[in-house]
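Atoms within each ligand, like the ligands themselves, are counted from 1 in listed order. In this chain, numbering begins with 1 at the start of the sequence shown. Predicted model only: the values in this text are computed from it and were never measured.
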Amino acid sequence: MQTLTITKPDDFHLHLRDGAALASIIDHTAAQVARAIIMPNLKPPVVTTEMALEYRDRILAAVDEQYNFEPLMTLYLTDNTSAEDIKTAGENKSIHALKYYPAGATTNSDQGVTDFKKTYKALEAMMEQGLPLLVHGEVTDADVDIFDREAVFIDKVLTPLVKDFPDLKIVFEHITTRAGVDFVLSAKENISATITPQHILLNRNDLFKGGLRPHNYCLPILKVENDRQAVEAAAISGNPKFFLGTDSAPHERKHKETGCGCAGIFSAHIGIELYAEAFDAVGALDKLEAFASHYGADFYGLPRNQEKVTLIKEDLTIPETIAFGDSVLVPFRAGETCSWQLKK
Ligand code: DOR
Ligand code: ZN
């Protein structure tokens, strides 16, 4: 039997929700990773340090006591985020970044940024504080094709923003295209990217395999095979600019299987296992540890984890549903298998 022992991973992009939903899913993550960057797109969004610290307390209260899990909190950037807000965040060791959602780009993003020029005071303060900007890199213009939104964002927003703030730390979140990979590769070392399991393992055909597949719908949407190959190559490249962020994003089954379904794939139950499977499939298991457990921590200026975990190459059967609040969600690979599993 093949096994692989690596430093315990971190998840640098995670949605946990709140209340009963949070309580029902948090241990899937806490069982796998030491730390996670927590997305602030709650209703209402987490816009102040005070709100983030309260949310952090609720997360910690929900984690089973057998786990030693640290939530790394973020704030939701708006047109109105002030330099003072950034200063308060920068002085608090629990706040690790700000998240930039273009208004209307995705789940709970309506209070996001309407024009990136409106955030310049905040970005200036962030650059001074060394606080990273986490970017949802998609334009929202109705006349831009959904498959082109990342590439157009690079041209219209990211390129001018980087020109104006050359030393701002940026994580281009969940990159999905060859253009995204190339942008990060050609940028300075203060610009990095997270990569999800679905954008390595799937392409846009998986949205329509034998019929419409709402559980493979996330944003940014799955792209063509050529883009998937570029994202996969980046993940296994051993380049420290690319690191693990699952973007696990739970939604109740009824909000996915409906006439107008939500974007988001829940993968927290088998996050590290999916990356192991993907890296193994292309003979790159030797690159998994640094991608999953070193490069993200290094970028954020955090110590690498000391603890180890062991992965076993053995089929794991995934349940059809997982409890979510007082309802259920349909997890990634529901009713199917994953070829790796974490040793309990
Ligand atoms: O698919 C997604 N789901 N993409 C996002 O950017 C947000 C996330 C969510 O919160 O559900
Ligand atoms: Zn996300």
Peer 1: Does NZ or CZ of K169 fall inside the cone over F299's six-membered ring, less than 6.0 Å from its centre and within 45° of the axis?
Peer 2: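 Pair K169/F299 counts as cation-pi.
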Peer 1: Does a side-chain heavy-atom distance below 4.5 Å link D227 with R178?
Peer 2: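 Yes, side chains in contact.
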Peer 1: Closer than 2.8 Å to the Zn ion (ligand 2), what protein N/O/S atoms do you find?
Peer 2: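 Near the Zn ion (ligand 2), below 2.8 Å, one finds H13 NE2, H15 NE2, D247 OD1.
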Peer 1: For S82, enumerate each residue passing the side-chain hydrogen bond (donor to acceptor under 3.5 Å, both in side chains) test, keeping only those at least two apart in sequence or located in another chain.
Peer 2: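 Applying side-chain hydrogen bond (donor to acceptor under 3.5 Å, both in side chains) to S82 gives D85.
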Peer 1: Just by distance, with hydrogens left out, do K223 and T177 show a side-chain donor and acceptor under 3.5 Å apart?
Peer 2: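 Their side chains do not contain a donor-acceptor pair, so the 3.5 Å distance test is not met.
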Peer 1: Where does ligand 1 get N/O contacts under 3.5 Å from the protein, atom by atom?
Peer 2:
residue, atom, partner, partner atom, Å
ligand 1, 1 (O), L219, N, 2.8
ligand 1, 1 (O), G264, N, 3.2
ligand 1, 3 (N), A263, O, 3.0
ligand 1, 4 (N), T106, OG1, 3.3
ligand 1, 4 (N), L219, O, 2.8
ligand 1, 6 (O), T106, OG1, 3.1
ligand 1, 6 (O), H136, ND1, 3.2
ligand 1, 10 (O), H15, ND1, 3.3
ligand 1, 10 (O), R17, NH1, 2.9
ligand 1, 10 (O), R17, NH2, 3.4
ligand 1, 10 (O), N41, ND2, 2.8
ligand 1, 11 (O), R17, NH2, 2.8
ligand 1, 11 (O), T107, OG1, 3.1
ligand 1, 11 (O), H251, NE2, 2.7
ligand 1, 11 (O), A263, O, 3.1

Peer 1: Verify the distance criterion only: is there a donor paired with an acceptor across the side chains of E277 and S339 at less than 3.5 Å?
Peer 2: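 Note: E277 and S339 side chains meet the donor-acceptor criterion.
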Peer 1: In the hydrophobic clustering (ILVMFWY, side-chain contacts below 4.5 Å, transitive), which residues join V224, or is it alone?
Peer 2: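 V224 clusters with nothing; isolated.
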Peer 1: Hey, are H269 and Q32 close enough side-chain-wise for a donor-acceptor pair under 3.5 Å?
Peer 2: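 Q32 vs H269: no donor-acceptor pair found between side chains.
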Peer 1: Would you mind reporting whether F172 and I154 have side-chain heavy atoms less than 4.5 Å apart?
Peer 2: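 Touching, per the 4.5 Å side-chain cut-off.
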Peer 1: Do T196 and H13 make a side-chain contact, defined as non-hydrogen atoms from C-beta onward lying under 4.5 Å apart?
Peer 2: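 Result no, sub-4.5 Å side-chain heavy-atom pair not found.
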